[in-house]
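See below for the structure under consideration.
What you are looking at is a predicted structure, and each value in this text was computed from that prediction instead of being measured.
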There are 2 protein chains.
Amino acid sequence: VSLVWFEGHIYDDEPLPIDPGDRGLLLGDGIFETLLVVGHTALWRAEHLARLENAARKLVLRLNLEVVGQAIKELLELAHETHVLRVTLSRGAGVRGLAGQGIKPTILVSLDSFDPKMIFQPVKLITSSIRRSTSSVAARTKTLSYLDNVMAAREATAQHAEDALLLNTDGFAASSTISNLFLLKSDQLITPSLDQAILPGIMRRALLDEAASLGFAPVERPVEPAELLTADAVFLTNSLRFIRPVTAIDELPMRSRNLDSFINCLCKLAKQQCGTDLRLI
Amino acid sequence: VSLVWFEGHIYDDEPLPIDPGDRGLLLGDGIFETLLVVGHTALWRAEHLARLENAARKLVLRLNLEVVGQAIKELLELAHETHVLRVTLSRGAGVRGLAGQGIKPTILVSLDSFDPKMIFQPVKLITSSIRRSTSSVAARTKTLSYLDNVMAAREATAQHAEDALLLNTDGFAASSTISNLFLLKSDQLITPSLDQAILPGIMRRALLDEAASLGFAPVERPVEPAELLTADAVFLTNSLRFIRPVTAIDELPMRSRNLDSFINCLCKLAKQQCGTDLRLI
């Protein structure tokens with residue numbers, strides 16, 4: 001299934017009438033969010049919409065949350081399995097010129113099938129040649145200018161890995177192309193801090209908030225790549241796959257000890273929202 | 001006028017039937033070129049198509065140059081004033097996932113009005129807080145992931161300047177959001193080298209090739225921002241505005257001595273192609 005809400009209509013696997021001047025299409029001038037949908041519920045919906053709002057403020061994009069909420073509502077009524085819901089907001093079509101403002105932002109909300117087998121899947125990484133720039137707006141926001149992530153993911157595929165680890169321009173470990181990075185080291189849950197050219201992940205925030213209750217001290221700071229080698233566990237988080245143990249980076253094996261309590265914790269939080277255990281879908 | 005060639009049809013200021021999964025729209029996964037059109041001629045057309053081809057190779061995008069050529073031909077027949085012609089190529093719609101390949105690339109060629117008054121216009125710059133990353137594919141290719149340039153241009157507008165100077169992640173002067181950067185220093189024509197996170201500009205190449213005949217030694221190397229202060233001239237080049245003297249950076253006045261021979265030279269080259277003197281349109 002692929003349904004798209006666009007300008008008040010729902011399109012069923014059909015082309016959308018997009019303005020040829022749309023700055024999302026021409027310049028990657030916009031933002032997006034992806035949410036997992038289980039049983040008519042979009043998980044961590046409030047947090048995703050809050051992040052969308054923050055990103056819109058950063059890019060000075062007008063965002064009508066009421067319209068987005070209505071679009072999500074209409075699509076969720078049509079949900080019947082595990083889906084990925086994507087909210088896309090572009091600056092719309094406007095005058096030519098980079099600094100030009102769109103007349104009216106474009107909102108596009110899509111509902112696609114999502115294979116739940118992808119959740120919790122272990123992952124092998126390679127280190128990308130592409131770095132995340134600490135001065136880049138695109139590196140710390142979920143924007144339509146995603147090409148560097150696309151190219152890093154292609155490097156991974158070419159080297160028979162599932163995803164790529166990106167360092168930042170200061171040489172610290174930042175994230176993967178689609179996920180935040182975590183490591184466990186004795187009683188510390190460590191993740192790159194928000195100044196490290198990373199996205200402020202929703203699952204990242206959830207785990208940091210729960211760490212203490214699981215007996216771990218949450219630590220946000222720059223992470224040296226070499227630290228990953230000696231960690232008790234290295235793992236990735238995102239809103240579609242939750243936690244993925246990293247089994248290797250550049251063919252060096254990584255440990256994944258003590259991950260169960262974190263997986264259980266996210267499953268409990270998800271079940272409170274949708275009534276379903278993610279391990280059973 | 002705004003005409004768009006898309007999938008074999010010409011759309012006159014109408015919405016385009018775009019696949020909702022188009023990776024250009026969703027991920028900035030594509031490339032583009034902009035050419036100045038004067039009297040049915042797209043200037044430096046062969047060079048722009050060669051750069052498009054190089055960029056397609058870098059991104060592993062399939063490019064049907066015959067189709068692009070046919071689209072350009074059809075649009076040029078409809079040209080009747082000074083236009084900007086833009087060729088956009090995205091990876092098309094495909095399977096989900098960053099590394100996914102589009103089933104069929106999307107080609108979109110547009111013809112819009114262009115006000116020739118913008119050519120040769122002097123420009124005031126501010127220095128952007130955003131830097132061009134030397135490891136970024138997007139920073140050295142004309143891609144649909146243009147957001148950092150958009151945000152830098154917005155910084156310029158907010159500070160009452162027309163464009164922004166971007167340094168690269170090594171701290172050297174790289175380019176503006178839309179133009180290559182040059183300086184004159186006695187008998188040297190200096191511009192950041194291609195390893196400085198810049199686009200390989202068509203006008204940049206043309207000027208470097210002509211420098212010797214104008215009595216200047218062409219020099220491509222890293223450029224310290226402080227060098228701009230003592231240059232005989234600082235100027236920008238791109239395919240729509242040709243040469244723009246930089247009159248100030250961050251309100252520090254810049255010189256623009258000895259630019260006439262370079263402007264004359266580009267005008268001569270353009271006239272050979274389109275028969276018109278750019279200074280008279």
Side-chain angles (χ1 to χ4, degrees), chain A residues 2 4 6 11 13-30 32 58-60 84 86 88 90-91 96-99 108 110 112 114 128-139 141 143-154 156-157 163 169 177-178, chain B residues 2 4 6 11 13-30 32 58-60 84 86 88 90-91 96-99 108 110 112 114 128-139 141 143-154 156-157 163 169 177-178:
Chain A
S2 177
V4 181
F6 177 69
Y11 293 79
D13 245 331
E14 297 158 277
L16 306 179
I18 301 272
D19 190 303
D22 193 279
R23 297 171 62 95
L25 179 63
L26 299 181
L27 297 168
D29 189 5
F32 72 103
K58 214 187 300 180
L59 268 66
V60 199
V84 51
R86 176 176 156 138
T88 302
S90 95
R91 203 181 300 278
R96 273 193 73 83
L98 286 195
L108 203 147
S110 64
D112 284 277
F114 183 78
S128 174
S129 68
I130 297 169
R131 294 195 173 198
R132 299 178 76 93
S133 169
T134 51
S135 80
S136 162
V137 178
T141 320
T143 81
L144 303 183
S145 284
Y146 231 56
L147 183 73
D148 277 343
N149 293 311
V150 169
M151 295 309 288
R154 292 182 65 88
T157 301
D163 199 355
T169 43
T177 65
I178 50 165
Chain B
S2 177
V4 181
F6 177 69
Y11 294 79
D13 245 332
E14 296 159 277
L16 307 179
I18 301 273
D19 190 302
D22 192 279
R23 297 171 62 96
L25 179 62
L26 300 182
L27 297 168
D29 189 7
F32 72 102
K58 213 186 305 181
L59 269 66
V60 199
V84 52
R86 176 176 157 139
T88 303
S90 94
R91 202 180 301 277
R96 274 194 73 81
L98 287 194
L108 202 148
S110 64
D112 284 277
F114 183 78
S128 174
S129 68
I130 297 169
R131 294 193 174 199
R132 298 178 77 93
S133 169
T134 50
S135 79
S136 163
V137 178
T141 320
T143 80
L144 303 184
S145 285
Y146 231 56
L147 184 73
D148 277 343
N149 292 311
V150 170
M151 294 309 288
R154 292 183 64 90
T157 302
D163 199 354
T169 43
T177 65
I178 50 167

Proximity breakdown for A/Leu108 and chain B, heavy-atom pairs closer than 4.5 Å: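 Just the side chain, heavy atoms under 4.5 Å.
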
Less than 4.5 Å to any heavy atom of chain B: does that hold for the side chain of A/Val60, its backbone, both, or neither?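 Contact with chain B: backbone and side chain both.
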
Given the options [options], which has more heavy-atom pairs under 4.5 Å with chain B than any of the others?
options	answer
A/Asp163, A/Ile178, A/Thr88, A/Val84	A/Val84
A/Asn149, A/Thr134, A/Thr143, A/Leu144	A/Leu144
A/Ile130, A/Thr141, A/Leu27	A/Leu27
A/Ser133, A/Ser136, A/Gly21	A/Ser136
A/Ala139, A/Gly97, A/Ala99, A/Ser129	A/Ala99

Side-chain contact test, heavy atoms from C-beta onward, threshold under 4.5 Å: evaluate it for [X] versus [Y] and give yes or no.
X	Y	answer
A/Leu26	B/Arg86	yes
A/Leu16	B/Pro20	yes
A/Arg23	B/Val150	yes
B/Ile18	A/Leu25	yes

For residues A/Arg154 and B/Leu59, report the shortest heavy-atom separation together with the two atoms involved.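 Shortest heavy-atom separation between A/Arg154 and B/Leu59 comes out as NE-O, 4.0 Å.
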
Could you report the tightest heavy-atom contact between B/Leu98 and A/Ala153, atom names first, then the distance?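 For B/Leu98 and A/Ala153, the tightest heavy-atom pair comes out as CB-CB, 3.6 Å.
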
Under a 3.5 Å distance rule, please check whether B/Ser145 uses its side chain to pair with a backbone N or O of A/Tyr146 as donor and acceptor.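 Side chain of B/Ser145 to backbone of A/Tyr146, a donor-acceptor pair under 3.5 Å: yes, one is there.
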
For the side chain of A/Asp148 and the backbone of B/Val137, is there at least one donor-acceptor N/O pair under 3.5 Å apart?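 Present.
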
Tell me, out of [options], who's got the most heavy-atom pairs with chain A below 4.5 Å.
options	answer
B/Ala138, B/Gly30, B/Ser110	B/Ala138
B/Ser90, B/Ser128, B/Ala156, B/Ser135	B/Ser135
B/Asp29, B/Asp19, B/Thr177, B/Thr157	B/Asp29

What part of B/Arg91 is in contact with chain A, defined as an atom under 4.5 angstrom from a non-hydrogen atom: side chain, backbone, both or neither?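 For B/Arg91, the contact with chain A is made by the side chain alone.
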
